Engineer: 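Questions regarding the structure given below will be posed in turn.
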Amino acid sequence: EAGRRDAIVSEAIATFSQPGSSVAVIRPSGTGTTSGSGFAAVSAGGKAYLVMVGLPEAPSGMTYQAWFIRDNQPTSAGLMTVDQDGYAVITNASPVAGAQVVALTVEPAGGSAQPTSDPFALGEVRPT
């Protein structure tokens, strides 16, 4: 599992330097008590990576869910599971063309169709 995670993190970092890619630095939003920070990288070809570090396990019965937001419309990027080192990674996270923000929320186990809580972490998507 750690080897797979490290490979995904390496691919995500490599995506940062590719022409035409977009990145978002994700930081705590101040609306919750959850810590953790990280980044999202989307290649010009549309492959997306989300990498978070320093996350505690989600509360019992809850899960972390990532979102791509365009014009205030969130689209799920997938659920994030935290490993024992506090890392959570998603690859091929269904990026939304023109997304302006990446956000993370705490959702009921299994995820939600739309966010049910304010984001605990946010990042603005910018071209590299």
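Note that this is a predicted model, so its numbers are computed, not measured.
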Engineer: Examine distances only and state if a side-chain atom of S43 and a backbone atom of S21 form a donor-acceptor pair shorter than 3.5 Å.
Structural biologist: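 Not a single qualifying donor-acceptor pair exists.
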Engineer: I need the minimum non-hydrogen distance between L79 and G111, along with the two atoms involved.
Structural biologist: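 Residues L79 and G111, closest heavy atoms: CD2-CA, 3.7 Å.
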Engineer: Is F120 close to P28 at the side-chain level, that is, under 4.5 Å between some pair of heavy atoms?
Structural biologist: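 Sidechains of F120 and P28: no contact.
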Engineer: Which salt bridge (Lys or Arg N to Asp or Glu O under 4.0 Å) pairs, counting each pair once, include a residue from residues 94-106, with sequence neighbours left out?
Structural biologist: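 Found none.
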Engineer: Is any side-chain heavy atom of P59 closer than 4.5 Å to one of V106?
Structural biologist: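 The answer is yes; the side chains approach within 4.5 Å.
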Engineer: Consider only side-chain N and O atoms of Q100 and D71, and report whether a donor and an acceptor are under 3.5 Å apart.
Structural biologist: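 A donor-acceptor contact under 3.5 Å links the two side chains.
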Engineer: May I ask you to test the F39-F16 pair for a side-chain heavy-atom distance under 4.5 Å?
Structural biologist: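 In contact.
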Engineer: Decide yes or no for T15 and K47: does some side-chain heavy atom of the first lie under 4.5 Å from some side-chain heavy atom of the second?
Structural biologist: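 When only atoms from C-beta onward are counted, K47 and T15 do not touch, as no gap falls below 4.5 Å.
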Engineer: If we count only N and O atoms by modelled type, under 3.5 Å, do the side chains of E11 and T91 hold a donor and an acceptor together?
Structural biologist: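 Result is no, nothing qualifies.
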Engineer: Would you say that P74 contacts Q114 through its side chain, given a criterion of any heavy-atom pair below 4.5 Å between the two side chains?
Structural biologist: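 Yes - at least one pair of side-chain heavy atoms lies under 4.5 Å apart.
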Engineer: Can you find a side-chain donor-acceptor pair between E107 and T116 that sits under 3.5 Å?
Structural biologist: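 Checked: E107/T116 side chains pair up, N/O donor to acceptor below 3.5 Å.
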Engineer: Taking it one step at a time, do I13 and Y49 satisfy side-chain contact (heavy atoms from CB on, under 4.5 Å)?
Structural biologist: CA-CA 9 Å; I13 292 169; Y49 303 89; over 6 Å; no
Engineer: Consider side-chain contact (heavy atoms from CB on, under 4.5 Å). Of V82, D83, T81, D85, which one does L55 pass it with?
Structural biologist: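 Single side-chain contact (heavy atoms from CB on, under 4.5 Å) partner of L55 among V82, D83, T81, D85: V82.
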Engineer: Working to the nearest 0.5 angstrom, can you tell me the gap between S37 OG and M52 CE?
Structural biologist: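 One gets 6.0 Å once the value is rounded to the nearest 0.5 Å.
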Engineer: Looking at every heavy atom in both A40 and I26, which two are closest together, and how far apart are they?
Structural biologist: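 So the minimum-distance heavy-atom pair works out to N-CD1, 4.0 Å.
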Engineer: Could you tell me the separation between the CE atom of M80 and the OG1 atom of T63, rounded to the nearest 0.5 Å?
Structural biologist: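 Separation between the atoms: 10.0 Å.
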Engineer: Specify the closest pair of heavy atoms between A41 and A12, including all atoms of both residues, with the distance to one decimal.
Structural biologist: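 Where A41 meets A12 most closely, the heavy atoms are CB-O, 3.7 Å.
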Engineer: Which distance, rounded to the nearest 0.5 Å, do you find between the OG1 of T75 and the CH2 of W67?
Structural biologist: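 It comes to 8.5 Å.
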Engineer: Would you compute the distance between atom OG of S112 and atom CE of M62 and round it to the nearest 0.5 angstrom?
Structural biologist: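 Between atom OG of S112 and atom CE of M62 there are 7.5 Å.
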Engineer: Mind listing the closest non-hydrogen atom pair of A66 and I90 along with its distance?
Structural biologist: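 Scanning both residues completely, I find the closest heavy atoms to be CB-CD1, 4.2 Å.
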Engineer: I'd like to know if the side chain of S117 pairs up with that of T105 as donor and acceptor (distance under 3.5 Å, no hydrogens or angles considered).
Structural biologist: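 No pair is found: no donor N or O on one side chain lies under 3.5 Å from an acceptor on the other.
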Engineer: For Y87, which residues count as a ring-ring contact (aromatic ring centres under 6.0 Å, His included) partner, sequence neighbours excluded?
Structural biologist: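 For Y87, no residue satisfies ring-ring contact (aromatic ring centres under 6.0 Å, His included) once neighbours in sequence are set aside.
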Engineer: Minimum heavy-atom separation for R70 to A97, with atom names?
Structural biologist: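 In this case the closest contact between R70 and A97 is NH1-O, 2.9 Å.
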Engineer: Decide yes or no for V102 and L122: does some side-chain heavy atom of the first lie under 4.5 Å from some side-chain heavy atom of the second?
Structural biologist: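 No, every pair of side-chain atoms sits at 4.5 Å or beyond.
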Engineer: Has Q18 got more than 12 heavy atoms of other residues, nucleotides or ligands less than 6.0 Å from its CD?
Structural biologist: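 Yes, the 6.0 Å shell around CD holds more than 12 heavy atoms from other groups.
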Engineer: Is the closest side-chain heavy-atom distance between L50 and V89 below 4.5 Å?
Structural biologist: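 Of all side-chain heavy-atom pairs linking V89 with L50, none is under 4.5 Å.
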